Amino acid sequence: ARHLLVVSDAVLEVKLNYLIAAMAWDPEKPQFRFTVLVFTCLLTFGSYFCFDMPSVLQSAFTGSNNCTDEQQPSPSPPGVAEHISSTCCRDCLGMSEQNYNLLYAVYAWTNAVVVFFSGFLVDKLGNRAGVIAFSLLCLVGSSTFAAGAHLRGTDYLLPVMLLGRLLFGAGNGSLTVVQNRLVAFWFNKKELALAFGCVLAFSRCGSVLNFFLTENIRDAIGLEWTLWFGVGLCLLGFVAAGVVSGLDVYGVRAMGLTEELQQESRRVKLQDLGQFSLQFWLLVLSIMFYYNGVFPFVADASQFINQKYSLDDKVSAYITGAVYDVSMLLSPFLGGLIVSWA
Ligand SMILES: N[C@@H](Cc1c[nH]cn1)C(=O)NCC(=O)O
């Protein structure tokens, strides 16, 4: 019986090895591109979580930290969380509303300017360099932002946090560009819309979890460590970037496309911009005007809802995040629907 067990064990191992080889290492097979998809989805999960952390934490960012040594945080009015009382808040950064909004403005402007150049750079240098560089920028940006929060009460708080948002903005937008390029490469023949749907759903999942969890995490570990928790998620994105990069090198080489892709990237030039169609630019404009309304609203909505309707911070954040909930739930299905209609 023992002999039989050893033999069946060996057979099982051979079968398993065969399965792994057949499953994972032929880049033309669906298993390979879906493995790429899983790690591509992970690229922006953390950065999307971090992007709207200020919105959830707006009252902490703008509340005044004016406690004296003996003073305990005073009891909060009904419906307002304990740590944000109007008279004493140990966990608050004391930013003005304008400076708080600067955190978003700096992100948006850097994002808008940098993505143009990073898109061109990725066309020239390829996905691997881009995915590593931009996820590293997100990591450095979110770390700088979190480190800035430790400087409360000093003149350095705002410049350091703004610098963090600037680096994060440069990284996150560009990371989305290279993420879409990876999906377009690995899913160019089929399942393209479905793959885009999955990527968007996963990114939105980062946003949604931020609106559901951040306030609770802050209650448990305090403001600074909550921001470092976001950094941890960006680190996850950086690790995923390493894996995607490795898979991409392997897959392209195994399909014998390395030389062809290098030649293609040499041919890319700035003048190619002129070849984009009117339809493309109209699409760009419609997306721009759509986001014009959404992102600034999300940035200020948590505190607005909290103050106008006297709702608890957590409930206000859930309501603000609802704008992303629907998108998260529907994207993969709508992507699948488009695939089956096309
Ligand atoms: N650069 C991102 C910013 C963002 C917004 N929400 C989470 N991150 C971006 O523009 N994303 C586009 C999007 O559809 O979320």
Side-chain angles (χ1 to χ4, degrees), residues 40-58 101-119 122 130-131 133-135 137-142 145 164-184 193 195-214 227 230-231 233-234 236-237 240-241 283-302 317-332 334-335:
T40 306
C41 287
L42 277 175
L43 285 176
T44 44
F45 174 79
S47 60
Y48 269 60
F49 188 102
C50 284
F51 171 76
D52 272 320
M53 279 180 114
S55 168
V56 180
L57 299 169
Q58 186 175 5
N101 277 290
L102 260 186
L103 295 175
Y104 276 93
V106 150
Y107 173 97
W109 280 107
T110 333
N111 202 171
V113 174
V114 165
V115 283
F116 174 74
F117 298 100
S118 51
V122 168
V131 84
F134 302 139
S135 57
L137 257 181
C138 284
L139 183 60
V140 173
S142 56
F145 187 70
R165 284 296 276 191
L166 186 142
L167 297 172
F168 182 64
N172 197 22
S174 313
L175 190 59
T176 319
V177 171
V178 70
Q179 183 184 46
N180 289 338
R181 198 172 181 271
L182 274 161
V183 173
F196 275 132
C198 292
V199 167
L200 185 60
F202 222 79
S203 301
R204 289 279 178 264
C205 182
S207 298
V208 166
L209 287 180
N210 164 49
F211 284 100
F212 275 112
L213 299 181
T214 295
L227 297 179
V231 176
L233 294 181
C234 289
L236 181 74
L283 209 61
V284 169
L285 281 180
S286 71
I287 293 172
M288 186 187 89
F289 285 118
Y290 167 74
Y291 280 137
N292 256 352
V294 176
F295 291 156
F297 166 77
V298 171
D300 287 300
S302 295
Y318 300 158
I319 295 173
T320 307
V323 78
Y324 294 131
D325 298 352
V326 182
S327 166
M328 179 187 78
L329 294 174
L330 291 189
S331 316
L334 291 180

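Ligands are counted one by one from 1 in listed order, and the atoms in each one are counted from 1 as well. Nothing here was measured: the structure is a model prediction, and the numbers come from that model.
- In terms of polar-atom proximity, Thr176 is not counted as a contact of ligand 1, lacking any N or O under 3.5 Å from an N or O of the ligand.
- Those atoms of ligand 1 that come under 4.0 Å of a heavy atom in Asn111, given as number and element, are 1 (N).
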Next item on the list: Under the side-chain hydrogen bond (donor to acceptor under 3.5 Å, both in side chains) rule, what do Asp52 and Tyr324 come out as? Steps first, then yes or no, please.
Entry: CA-CA 11 Å; Asp52 272 320; Tyr324 294 131; 3.0 Å; yes

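- Annotation: Arg204 places an N or O atom under 3.5 Å from an N or O atom of ligand 1; distance criterion only.
- Heavy-atom proximity to atom 1 (N) of ligand 1, evaluated over Phe49, Tyr107, Phe51, is greatest for Tyr107.
- Ring geometry for Tyr291 against Phe295 counts as parallel: the plane angle stays under 30°, on a 0 to 90° scale with 60° as the upper cut.
- The shortest contact between atom 10 (O) of ligand 1 and any protein heavy atom is with Phe295 CE1, 3.5 Å.
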Next item on the list: Step by step, work out the side-chain contact (heavy atoms from CB on, under 4.5 Å) result for Leu43 and Leu182.
Entry: CA-CA 11 Å; Leu43 285 176; Leu182 274 161; 4.3 Å; yes

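- Looking only at heavy atoms of the protein, atom 7 (C) of ligand 1 is closest to Tyr48 CD2, 3.1 Å.
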Next item on the list: Go through Cys50 and Phe145 one step at a time and tell me if the side-chain contact (heavy atoms from CB on, under 4.5 Å) criterion holds.
Entry: CA-CA 10 Å; Cys50 284; Phe145 187 70; over 6 Å; no

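- Under the 30°/60° scheme for interplanar angles, the aromatic rings of Phe51 and Tyr104 are found to stand perpendicular.
- Near Tyr291, meaning under 4.0 Å from any of its heavy atoms, are these atoms of ligand 1: 12 (C), 13 (C), 14 (O).
- For Thr176 (side chain) and Asn172 (main-chain N/O), a donor-acceptor pair under 3.5 Å exists by modelled atom type.
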